[in-house]
Amino acid sequence: IKCHSLEGNQITSLPASMFSRNDFSIWSILRKCIGMELSKITMPVIFNEPLSFLQRLTEYMEHTYLIHQANASSDSIERMKCVAAFAVSAVASQWERTGKPFNPLLGETYELVREDLGFRLISEQVSHHPPVSAFHAEGLKKDFVFHGSIYPKLKFWGKSVEAEPKGIITLELPKYNEAYTWTNPTCCVHNIIVGQLWIEQYGNVEVLNHKTGERCCLNFKPCGLFGKELHKVEGYILDKSKKKVCSLYGKWTECMYIVDYAALEAHKKSGKGTVEKKSSKPGSREEVEEISLPEADTVEVIPGSYLLWRIAPRPVNSTEMYSFTSFAMQLNELDKDMDGLIPKTDCRLRPDIRAMENGDIDLASEEKKRLEEKQRAACKTHSKSDDELKTKWFQQGQNPHNGSQDWLFSTGYWNRNYPLLPDIY
């Protein structure tokens with residue numbers, strides 16, 4: 001059967017604009033939850049965006065061209081540069097995305113085939129408590145495999161919600177017999193109670209090439225008191241003898257540059273390392289909270305650098321559309337070619353997400369409640385009969401490259417033969 005494919009130019013807008021959240025107090029729900037993990041808390045649908053977390057994970061693939069660039073390079077350090085840029089680009093779509101994706105139901109799946117970008121992806125919700133989402137993407141020319149399982153640990157800290165995406169991400173390049181692994185930075189949504197919501201990512205990310213021992217150490221910087229460090233990412237690539245060969249710098253919301261390590265050190269010694277071309281005014285923390293991306297780059301380019309990656313501009317109507325990128329806007333599209341082709345567990349067929357996308361918030365709320373109750377009842381039935389709900393497309397196992405617990409794709413999905421799927425909707 002010919003795979004359906006979204007060529008990436010069909011949808012420029014969702015069926016309905018997002019709702020105003022101004023009449024709803026997130027505080028009234030969250031004040032009971034300080035320091036708790038939020039995966040068991042039921043949130044009103046108004047705080048969601050019309051995508052499942054499985055679809056949100058698929059946004060890692062927006063900049064797949066960086067994987068193709070890595071594949072085209074015969075030098076392992078050049079490949080590491082592209083893979084590091086891909087790791088940063090994978091979180092770029094989160095900028096200004098303050099809506100919460102829908103929690104996937106156990107057994108929910110999502111597939112995306114993009115012939116224009118050269119990949120196909122399948123994901124599945126493989127565990128309910130804790131919530132774990134597994135995904136497996138592959139190049140259509142068998143030129144790469146990209147996979148992982150994510151357990152988003154959410155915590156509420158009074159004024160902010162922190163999401164720690166536990167789980168290993170793996171990229172395999174068969175042409176070079178190479179595997180790279182890394183974990184994502186922590187994401188935090190600020191001003192939960194009052195003011196403008198804003199997002200920061202922070203933490204250290206290490207990309208390791210398991211074949212050569214080369215690694216890239218990236219530091220997603222926390223905002224800092226005056227917002228000077230907001231969105232900044234800095235790092236370096238170490239060769240196998242642990243010598244720093246080049247430096248990366250930029251912002252995960254904008255772009256990443258690379259420069260020879262010696263050139264960076266010389267630049268710092270010349271005293272130019274502190275110049276900011278254009279930045280938020282120093283001031284109180286409150287000023288930071290209104291930050292949006294300026295017209296010009298706010299990253300000062302060090303002489304001798306070259307650009308690794310730049311974010312694509314968002315659609316003009318993005319703010320009314322949950323701050324979606326063009327890529328995100330197409331993720332829930334139900335093409336007529338898919339009818340009867342995709343399994344009945346695909347999120348595109350999920351009624352609460354569809355109702356929200358269509359602007360019917362009451363129906364979305366009713367359906368979300370119904371689906372959550374249906375899932376609870378199914379879990380109860382299974383626990384009584386000791387008949388475990390089996391995952392369909394992924395099996396728990398060891399990551400072959402670093403030995404950690406992972407969920408691995410167990411083939412068969414693309415044969416398009418879907419008997420005995422759970423009736424989750």
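Note that the coordinates shown come from a computational prediction; the quantities given were computed from them, not determined experimentally. The chain is numbered in sequence order, starting from 1. Heavy atoms only: backbone and side chains are in, while hydrogens, waters and symmetry mates are out.
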State, without any angle test, whether [X] and [Y] hold a side-chain donor-acceptor pair at a distance under 3.5 Å.
X	Y	answer
His147	Glu172	yes
Ser305	Tyr249	yes
Gln398	Gln405	no
Ser149	Asp406	yes
Tyr60	Asn184	yes
Glu214	Ser76	yes

Take Asp143 and Lys141 through the salt bridge (Lys or Arg N to Asp or Glu O under 4.0 Å) test and state the conclusion after the steps.
-> CA-CA 5 Å; Asp143 47 354; Lys141 294 180 176 153; over 6 Å; no
Minimum heavy-atom separation for [X] and [Y], please, with both atom names.
X	Y	answer
Phe144	His68	CE2-CE1, 3.9 Å
Ile199	His231	O-CE1, 3.4 Å
Thr298	Lys251	OG1-NZ, 2.8 Å
His267	Ser270	O-OG, 2.7 Å
Leu140	Arg114	CD1-O, 4.0 Å
Ile122	Thr109	CD1-CB, 4.2 Å

Asp352 with Arg354: basic N within carboxylate O range, under 4.0 Å = no
Would you call Arg215-Glu206 a salt bridge at under 4.0 Å N-O?
-> yes
Parallel, tilted or perpendicular for [X] and [Y], by the 30°/60° rule?
X	Y	answer
His63	Tyr65	perpendicular
Phe146	Phe86	perpendicular
Tyr261	Tyr236	perpendicular
Tyr418	Tyr413	tilted

Output the distance between atom CG (Asn317) and atom OG (Ser17), rounded to the nearest 0.5 Å.
->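 OG of Ser17 is found 7.5 Å from CG of Asn317.
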Distance from Phe135 atom CZ to Leu54 atom CG, nearest 0.5 Å?
-> 11.0 Å
Within 45° of the six-membered ring axis of Tyr176 and under 6.0 Å from that ring's centre, is NZ or CZ of Arg79 located there?
-> yes
Taking the side chain from [X] and the backbone from [Y], do they hold a donor-acceptor pair closer than 3.5 Å?
X	Y	answer
Lys81	Leu308	no
Asn219	Lys221	no
Ser52	Cys347	no
Asp346	Leu349	no
Gln375	Glu372	no
Ser127	Val132	no
Gln330	Ser326	yes

Evaluate the salt bridge (Lys or Arg N to Asp or Glu O under 4.0 Å) criterion for residues Lys392 and Glu124: first the C-alpha distance (whole Å), next the side-chain angles of each, then the deciding distance (0.1 Å), finally the verdict.
-> CA-CA 8 Å; Lys392 212 62 188 157; Glu124 181 181 9; over 6 Å; no
Report the C-alpha separation of Glu162 and Lys155 in whole Å, then their side-chain angles, then the decisive distance to 0.1 Å, and conclude whether the salt bridge (Lys or Arg N to Asp or Glu O under 4.0 Å) test is met.
-> CA-CA 5 Å; Glu162 194 177 68; Lys155 280 228 168 129; over 6 Å; no
Determine, step by step, whether Glu111 and Arg120 satisfy the salt bridge (Lys or Arg N to Asp or Glu O under 4.0 Å) criterion, reporting the C-alpha distance in whole Å, the side-chain angles of both residues, the deciding distance to 0.1 Å, and the verdict.
-> CA-CA 7 Å; Glu111 68 166 79; Arg120 65 183 187 180; over 6 Å; no
More than 12 heavy atoms of other groups within 6.0 Å of Asp339 CG =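 Not more than 12 within 6.0 Å, no.
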